[in-house]
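Below: the structure, in structure tokens.
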Amino acid sequence: IGRAVKIDDEFCERLEEALLLSDVGASTAALIVDEIKSKAMEKRPADAEALNALVVDILAEILESGAAAEPLAPGLNVVMMMGVNGSGKTTTIGKLAMRYKAEGRKVMLAACDTFRAAASEQLEIWAKRSDVPIIRQREGADPSAVMYDAIQAARARGADLLIADTAGRLHTQSNLMRELQKIQRVAVEKAGVENFRAWLVLDSTIGRNSYNQVQQFGQAVPVDALVLTKMDGTARGGVVFSILKEWRMPIMFVGVGEKMEDLLPFNASEFSRALLG
Amino acid sequence: SFTEKLGGIFRKLGGKGRITESNVQEALRELRFTLLDADVNFEVVKKFIANVKEAAMGEEVLKSLTPHQQFFKIVKDNLIDMLGGEHAALATGPKKPTVYLLCGLQGSGKTTTCGKLAGQQSKKGKRVLATPLDIYRPAAIEQLRIVAGKTGVSFFFPEGDNDPVSIARKAVSHAEDNNYDLLLLDTAGRLHVDEKMMEEVRAIISAVNPTEVLLVVDGMTGQDAVNIATSFDPVGVTGIVLTKMDGDTRGGAALSVKYATGKPIKLIGTGEKFDALESFHPDRFVSRILD
Ligand SMILES: Nc1nc2c(ncn2[C@@H]2O[C@H](COP(=O)(O)OP(=O)(O)OP(=O)(O)O)[C@@H](O)[C@H]2O)c(=O)[nH]1
Ligand SMILES: Nc1nc2c(ncn2[C@@H]2O[C@H](COP(=O)(O)OP(=O)(O)OP(=O)(O)O)[C@@H](O)[C@H]2O)c(=O)[nH]1
Ligand SMILES: [Mg+2]
Ligand SMILES: [Mg+2]
């Protein structure tokens, strides 16, 4: 029987510190350290390397407890991108357009951010980059009207994936949460879209507030999946642990830069390994 | 809230109505939790807790306050102290135009803040010129052009120039030739670990010597705030703008950034409209962090 590595106070403190510095949050970090401590005492890893592997596995398991990603259905799929201001929605759509087109999908974009200066122009440039059609109207138009038009155009052209950009908004702005609900309602009820999804884009440099964002956006429109952006910086995005302990949803993609190709499928083990530093 | 939890701690420990080693330990634990939950950086929290403990244990017993009130006062005073005094005004340069440069991470709110500053300063009677130095982000130049139009200030961009240092120099010349009081330079969002981009912002600053280099930080920023602030500070940051404080973020990033740079928090962004820019009030911030 090999000697197990020591699971002492020093180990727990160092682990908690690594988690806290990664934005895991105080109460979730304490919970996770307890879980790891009891599992480690039970499994008795033989050395530091085995212990580290065990920690990564436990963290990855929490992340994978989210529901598995739903594959796109046959026919028209509409994905509405939502999230707080500056989180990376428009850029992520630009990246997704290229990725899904390369997979053989007929992609179209809808510029439903009719509020912010040059928002449609920004998305238009991304549409040109992957050579996909885009439906837009002038600034100040009703975002639901743009969504409706885009769905009609998507059907007319036989598109199977319509990705809709929306204006950044704080989850505390109830009128803007209602606006999101209206866009969804128009797509599902008025335009009869059967495969509608809403993805919430989270900026990994944000701390505890991301938890509130998931909670409150989710109360307005069910969150089908998360995208975590700006993971090419020094932020670790640890807030997803508290999120996934509360709600079941997949993290679809991770943004790792500002270019078209800077989007990776989420990998729970790699994410956990990076988090521990 | 923190003050309610403190009340509970000191009440159940009863005691002789003064702060002791034992009742302060639990209060410090609660404080640590509150600050971490408010997104204050882990290292900053450690330092702050040590300061508070020292102050609490060394404190003269104030007969008029209960231990709960006394501890809370120590925490509040230390937080306000750490956040720096209020009303660090925006400076005016020695000659026209005064140049302000905005920098920071991607999506933090620089372009929008530029618009807010433009509106605010032109209402004070200044002739304001805005120039974008973001030649990377799709439609960034167009965004600032529209923003300048909406805030009624002039916009300058030398068509065809794709070198931010050269664009900045031309903007200064244009501002001088046309008697502008204030030139606002909006830069591209950049990662503090992107050496090439950090070198670019250093080069721009060295070329036009702005009176204010404002680091624009998203108010919802978590632990990373210390890394961001520490890396940007050496380029010559003179002040901080904390944006998106109209949400429900506790704003602990304010403490982290102030601690890491020592630079004053000059402005707070409180919305997307161009009048949503307020001056910084440390006591209001403290209530928010401790909530
Ligand atoms: N480094 C890095 N920057 C990113 C990433 N994703 C987006 N960005 C940048 O973040 C900034 C904001 O991106 P946008 O796509 O405009 O964000 P948004 O959510 O659409 O913003 P609003 O519509 O204004 O709410 C831009 O400068 C992007 O280039 C990422 O994964 N890494
Ligand atoms: N609610 C709120 N939104 C803000 C505030 N400041 C900026 N925004 C929004 O945040 C988003 C990003 O703002 P930008 O001004 O484009 O940010 P930026 O730093 O210039 O972005 P990059 O140039 O890509 O780095 C936009 O949707 C703005 O309207 C604020 O104080 N409150
Ligand atoms: Mg956008
Ligand atoms: Mg900008």
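Side-chain atoms are counted along with the backbone in the values below, which use heavy atoms only and exclude waters and symmetry mates. Chain letters run A, B, ... following the sequence lines, proteins first and then strands; every chain starts at 1.
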Handout entry: Under 4.5 Å from any heavy atom of chain B - which part of V239(A)
Key = neither
Completion exercise
Distance col, row I206(A):CD1 vs D218(B):CG, nearest 0.5 angstrom, shows 4.0 Å
Fill in the blank from the handout: Given G233(A), A117(A), G86(A), the one with more heavy-atom pairs under 4.5 angstrom with chain B than any other is A117(A)
Fill in the blank from the handout: Interface check, chain A: of H192(B), Q223(B), E43(B), most non-hydrogen pairs under 4.5 Å belong to Q223(B)
Problem - Spacing of N209(A) atom CG and M220(B) atom CE [to the nearest 0.5 Å] - result: 5.5 Å
Practice task
Indicate yes or no: does K150(B) engage E139(A) in a salt bridge with an N to O separation below 4.0 Å.
Solution key: yes
Fill in the blank from the handout: Most heavy-atom pairs under 4.5 Å with chain B, out of Q213(A), E258(A), Q216(A), belong to E258(A)
Practice task
Name the region of L105(B), side chain, backbone, both or neither, that has any atom closer than 4.5 Å to a heavy atom of chain A.
Solution key: side chain
Exercise for the section: Determine whether D246(B) and L170(A) make a side-chain contact, defined as any pair of heavy atoms from C-beta on separated by less than 4.5 Å. Expected result: yes
Exercise for the section: Give the minimum heavy-atom separation between A118(A) and A139(B), together with the two atoms involved. Expected result: CB-O, 3.8 Å
Exercise for the section: Could you tell me which of T221(B), T111(B), T243(B), V193(B) has the largest number of non-hydrogen atom pairs under 4.5 Å with chain A? Expected result: T221(B)
Completion exercise
Rounded to the nearest 0.5 angstrom, the OG1-CZ distance for T112(B) and R116(A) is 7.0 Å
Handout entry: Closest contact, heavy atoms only, G222(B) versus D23(A)
Key = CA-OD1, 3.5 Å
Problem - 4.5 Å side-chain heavy-atom contact, P138(B) and E121(A) - result: no
Problem - Residue R137(B) versus chain A: region with a heavy atom under 4.5 Å - result: side chain
Handout entry: K37(A) NZ: over 12 foreign heavy atoms closer than 6.0 Å
Key = no
Handout entry: R202(B) atom CZ, over 12 foreign heavy atoms within 6.0 Å
Key = yes
Handout entry: Steps toward side-chain hydrogen bond (donor to acceptor under 3.5 Å, both in side chains) verdict (T234(A), D224(B))
Key = CA-CA 7 Å; T234(A) 48; D224(B) 208 35; 2.5 Å; yes
Handout entry: From CA spacing to verdict: side-chain hydrogen bond (donor to acceptor under 3.5 Å, both in side chains), Q143(B), Q122(A)
Key = CA-CA 9 Å; Q143(B) 184 185 359; Q122(A) 182 187 5; over 6 Å; no
Handout entry: Side chain / backbone / both / neither for S27(A) at chain B, heavy atoms under 4.5 Å
Key = both
Handout entry: chain A contact via R32(B) - which portion, at a heavy-atom distance below 4.5 Å
Key = side chain
Exercise for the section: Might you confirm whether atom CG of D8(A) has over 12 heavy atoms from other residues, nucleotides or ligands at distances under 6.0 Å? Expected result: yes
Exercise for the section: With side-chain contact (heavy atoms from CB on, under 4.5 Å) as the test, would you mind laying out the steps for E272(B) and N85(A) before giving the verdict? Expected result: CA-CA 9 Å; E272(B) 291 193 79; N85(A) 309 74; 3.0 Å; yes
Practice task
Find out whether H171(A) and D248(B) are in side-chain contact, i.e. whether some heavy atom of one side chain is under 4.5 Å from a heavy atom of the other.
Solution key: yes
Exercise for the section: Please report the C-alpha distance between D37(B) and R208(A) in whole Å, then the side-chain angles of each, then the deciding distance to 0.1 Å, and finally whether the side-chain contact (heavy atoms from CB on, under 4.5 Å) criterion is met. Expected result: CA-CA 7 Å; D37(B) 232 38; R208(A) 309 306 309 143; 4.3 Å; yes
Handout entry: Spacing of CG belonging to D232(A) relative to CG belonging to D194(B), to within rounding of 0.5 Å
Key = 9.0 Å
Completion exercise
Rounded to the nearest 0.5 Å, the CZ atom of F42(B) sits from the CD atom of E16(A) at a distance of 7.0 Å
